[in-house]
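One structure is given here, and the rest of the page talks about it.
Numbering of ligands and ligand atoms starts at 1, following listing order.
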Amino acid sequence: MNKMKIVISLIVMSSAVVFTACSHKTVSTPKAADAVSLSTASITEGEKTYKINCGKCHELKDPSEYSLKEWAPIMRSMARKAHLDDIQKNNVTAYVFSLAKK
Ligand code: HEC
């Protein structure tokens with residue numbers, strides 16, 4: 001559980017850096033498995049996965065209604081609800097982060 005919290009905060013921190021720096025598309029953290037790939041391919045795949053899996057229980061939410069900080073815990077619980085695997089979770093996270101409220 002604690003490890004999960006650290007992973008999520010790493011994701012949020014690294015992504016914040018990427019968005020402000022606007023130079024790299026892939027986030028690397030000390031552990032490769034913790035990185036969120038923000039490549040265009042991930043975002044494109046994430047959008048598809050989002051549209052298929054994230055409107056089952058409620059209307060599809062508008063990614064721009066939430067900030068990165070809000071999305072991190074939401075994705076943690078929603079990825080579980082939607083039974084996303086790690087890659088799908090990465091891609092959906094990349095998609096919502098790319099549109100998140102600034
Ligand atoms: C199994 C049903 C289910 C699936 C699948 C699901 N959600 Fe949800 N979602 C909920 C429920 C129930 C709530 C409201 C209660 C809550 O926040 O847990 C919710 C709330 C939300 C909210 C609002 C949170 C807030 O705090 O305002 C967002 C955003 C969201 N979901 C995004 C997603 C995304 C993205 C996916 C796909 C990865 C997804 N949901 C898949 C059931 C689901």
Atom indices of ligand 1 within 4.0 angstrom of Leu84 heavy atoms, with elements: 38 (C)
Proximal ligand 1 atoms for Asn53, defined as those under 4.0 Å from one of its heavy atoms: 5 (C)
Where ligand 1 meets Ile74 - atom numbers and elements under 4.0 angstrom, heavy-atom basis: 24 (C), 28 (C), 29 (C), 30 (C)
Between OH on residue Tyr95 and CD on residue Gln88, distance to nearest 0.5 Å: 15.5 Å
Shortest protein heavy-atom distance from atom 11 (C) of ligand 1, along with the residue and atom involved: Lys81 CE, 4.0 Å
Distance (rounded to the nearest 0.5 Å) between Asn53 CG and Lys89 NZ: 14.0 Å
Interatomic distance, Leu84 atom CG to Asn91 atom CG [nearest 0.5 angstrom]: 9.5 Å
Under 3.5 Å: N/O of Trp71 near N/O of ligand 1: no
Contact check: Met78 to atom 8 (Fe) of ligand 1, N/O/S below 2.8 Å: yes
Non-hydrogen side-chain atoms of Phe97 and Pro63 separated by less than 4.5 Å: no
Euclidean distance, Leu68 CG relative to Lys101 NZ, rounded to 0.5 Å: 11.0 Å
Which residue and heavy atom of the protein sit nearest atom 36 (C) of ligand 1, plus the separation: Cys54 SG, 2.9 Å
Check: Leu60 and Tyr50 side chains under 4.5 Å, non-hydrogen atoms: yes
Identity and separation of the nearest protein heavy atom to atom 7 (N) of ligand 1: His58 NE2, 2.8 Å
Reported CE-to-CG distance for the pair Met75 and Asn90, which is rounded to 0.5 angstrom: 9.5 Å
Protein heavy atom at shortest distance from atom 23 (C) of ligand 1: Tyr66 OH, 3.4 Å
Top protein contact for atom 22 (C) of ligand 1, by heavy-atom distance: Lys61 CE, 3.5 Å
Minimum-distance protein heavy atom relative to atom 2 (C) of ligand 1: Cys57 SG, 1.8 Å
Charged N-O contact under 4.0 Å between Lys61 and Glu65: no
Numbering as shown, the atoms of ligand 1 that approach Tyr50 to under 4.0 Å (heavy-atom distance): 35 (C)
